[in-house]
There are 2 protein chains.
Amino acid sequence: MTLRDIEIFVTVCELKSMSAAAKKLYMSQPAVSQTISQMEGELQVRLFDRIGRKLTLTYPGEILYSYGRRILNLVKEAESTLDDVRNMRMGRLRVGASTTVGIYLLPEIIGEFRKRFSVDVYFTIDNTAGIEKLISDNSIDLGIVEGPVHSREIVVIPYIDDELYLVCSKNHRWAEKKSISPAEIENEDIIMREKGSGTREVFEETMARNNVRYRIKYVLTNTEAIKKAVEANIGVSVISRLAVEKEIRGGRLVKVDIGNIRFERKFSIIYHKDKFKSNLFEEFIRHLYNFSSNIK
Amino acid sequence: MTLRDIEIFVTVCELKSMSAAAKKLYMSQPAVSQTISQMEGELQVRLFDRIGRKLTLTYPGEILYSYGRRILNLVKEAESTLDDVRNMRMGRLRVGASTTVGIYLLPEIIGEFRKRFSVDVYFTIDNTAGIEKLISDNSIDLGIVEGPVHSREIVVIPYIDDELYLVCSKNHRWAEKKSISPAEIENEDIIMREKGSGTREVFEETMARNNVRYRIKYVLTNTEAIKKAVEANIGVSVISRLAVEKEIRGGRLVKVDIGNIRFERKFSIIYHKDKFKSNLFEEFIRHLYNFSSNIK
DNA sequence: TCAGTTTCATAATATCATATTATTTTACTA
DNA sequence: TAGTAAAATAATATGATATTATGAAACTGA
């Protein structure tokens, strides 16, 4: 019994005629006859009583008619749902991101995306290595990470140029100057993320490259906590512009230049090289670039 | 998309491997590959991500898998239900009968039948012409009637020989004699069914054939009411043995012979000549004959 | 009642989807 | 890095499912 068989049978039931069903299905009448009698043979039940030249459903016929309609409806529903997926009227996108992007950038990006498309967006935050693993597993469709990616099977495309800013409280003595020499930092209390974080890595590497000594007095794993501590003038810190732009604009934190030292890094979009790029996937990447051009 | 396609797709989903699915379905691996990629072409969605040589379902793939299982389950359920019908584990039988048989015989027959088979039995009582019409319509599967059937398209097979008994109250003067001469009936008050009833037809026809005059004093359309009236000695009546056997055995009514006059008729089983005789149908006819041999 | 029409069934044949085998490409494994 | 295994591709074979042609039965209307 095929779906075609069921479709033919249901049509015959509804039109109470094989010829009429044949016409409706744009096929010959004998094809319909054959299909019905073949079904009767396979199922070993009579589906129609042929009384005169009138067809009436037998009891098993009525049962099959009821099931047949349910089956065809389910198939139609499945096809139309897939069509919705194809046209992005529904869908699923699993995104992963490393900490900074995940907390300060992606929530808004995803929010905007969901305004445009009513799709489910799953969102995971982990460090770069964790996101890389999830991509390899095909547990997420796409990632945005700060660190370098090692797997050869992962496509890496540049996304946003990030920069870490040296920030201090508006009550700090640097707040007026807005610019210091590298030497001035040496005796300052610095609040910093823990070892292993991308932010700290960039900070230490840049400082070393410029031969600037420094003193990390407080270690906090949470960027928000660091911001609060800096605002309270407990120390200064070096934080991604994504995390502090709002506070700088609001005057609660002040960005301070250190000669011409800049703490730079790149965020990358990553995905598996064999990943099939669905319409939704491509649309999301376009969305990412549109969004980034607004914040540059 | 055919049921076969869905079956193949679902198997691949469950085994997460095309080769394994091919093995399980006793078919070649390329056939599976082709089916899947053809489905992807038709539905215009990617169903699997081929990452390395591992298959993982895409989002549309997961949707189709869920629908696919529901569809296959429904098909299986339909087939097994039809199998139940074929094996008489369920079914439907629509029976019609004319008044006397319908009231005094069929309820018990159907009750016994339902003890043997858990099937739905629909039961209609009408006069012979009405039952004949329902057979022609295929509104009922089988009828039991007393009168003659006219349509050439209806098969009539003899069922039970019925006889009408002249009955009187145990307090009637005939109750002792149990036999009278035809002439004795002429001055007796007779209670009788209405014109057009099979019972009255046989009564009048037999009386006329034997040149016996009679006087119908009371007309009642309901046989039970007639029995009560006779019991109350309001008059005598002529009633099918099926309707009065119990009362005669109980002594509440007395059967009286009128010389050697007998009111005889036949009940017939009727069905449409083109009717497909399902197992249940045949079984019911066997059941009817078994039952009748108990009451003869 | 009987020709004309309609409906379903059957038979012979054609077509096309769906299988098969053979082979290539790619990736995992020892 | 060879060996193995999985999926994809290509060419071909097979068989189910169409088609046309025709027949039988039954309804319709003069």
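Reckoned from all heavy atoms, side chains included, excluding hydrogens, waters and symmetry mates. What you are looking at is a predicted structure, and each value in this text was computed from that prediction instead of being measured. Chain A is the first sequence line, chain B the second, and so forth, proteins listed ahead of strands; every chain is numbered from 1.
The side chain of A/R4 sits closest to D/dA18 out of D/dA18, D/dA7, C/dT20. The side chain of A/T2 approaches D/dT17 more closely than any other nucleotide in the set D/dA18, D/dT17, C/dC8. Considering only side-chain atoms of A/Q29, the nucleotide from C/dT18, D/dA18, C/dA9 that sits closest is C/dA9. Comparing atom distances between the A/A31 side chain and each of C/dA9, D/dA7, D/dA18 picks out D/dA18 as nearest. Picking from D/dA18, D/dA10, C/dC8 the nucleotide with the shortest atom distance to the side chain of B/P30 gives D/dA10.
Checking side-chain atoms of A/D141 against main-chain N and O of A/R94 turns up a donor-acceptor pair under 3.5 Å. Between the side chain of A/R50 and the backbone N or O of A/L55, no donor-acceptor pair lies under 3.5 Å. Although no hydrogens or angles enter the test, the distance criterion places no donor-acceptor pair under 3.5 Å between the side chain of A/Q29 and the main chain of A/S19.
In this structure, A/L55 atom CG and C/dT6 atom P are separated by 17 Å, rounded to whole Å. Between the CD atom of A/E40 and the C1' atom of C/dT10 there is a distance of 15 Å, given to the nearest Å. Atom CG in A/L3 sits about 16 Å away from atom P in C/dA17, given to the nearest Å. Between the CG atom of A/N138 and the P atom of C/dA27 there is a distance of 15 Å, given to the nearest Å. Here the P atom of nucleotide C/dA27 and the CZ atom of A/R152 are 13 Å apart, to the nearest Å. Spacing between atom CE of A/M27 and atom P of C/dC16 amounts to 15 Å, rounded to whole angstrom units. Taking atom CG of residue A/L25 and atom P of nucleotide D/dT19, one finds them 10 Å apart after rounding to whole Å. In this structure, CG of A/D49 is placed 18 Å from P of D/dA25, rounded to the nearest angstrom.
Under 4.0 angstrom from either OP1 or OP2 of D/dA8 there lies at least one side-chain N or O belonging to B/R50. Within the structure, a side-chain polar atom (N or O) of B/Q38 is placed less than 4.0 Å from OP1 or OP2 of C/dT18. Note on A/S28: every side-chain N or O is 4.0 Å or more away from OP1 and OP2 of D/dT20. The side chain of B/K273 places an N or O atom within less than 4.0 Å of a non-bridging phosphate oxygen (OP1 or OP2) of D/dA26.
A/S17 comes within 4.0 angstrom of the backbone, heavy atoms only, and of no base. Among the heavy atoms of the strands, none lies under 4.0 Å from B/S37.
The residue among A/D5 and B/E153 whose nearest nucleotide of DNA chain D is located toward the 5' end is A/D5. The nearest heavy atom of DNA chain D to A/K54 and to A/Y26 marks one nucleotide each, and the one closer to the 5' end goes with A/Y26. Between B/I8 and A/D274, the residue anchored nearer the 5' end of DNA chain C, judged by the nucleotide with its closest heavy atom, is B/I8.
Considering NE2 of B/H287 and CG of B/L93, their distance stands at 10.5 Å, rounded to 0.5 Å.
Under the 3.5 Å distance criterion, with hydrogens and angles disregarded, a donor-acceptor pair is assigned to the side chains of B/E153 and B/S136. Checking A/Y65 against A/E14 by side-chain atom types alone, a donor-acceptor pair falls below 3.5 Å.
Within 3.5 Å, no donor on the side chain of B/Q34 pairs with an acceptor on the base of D/dA8, nor the reverse.
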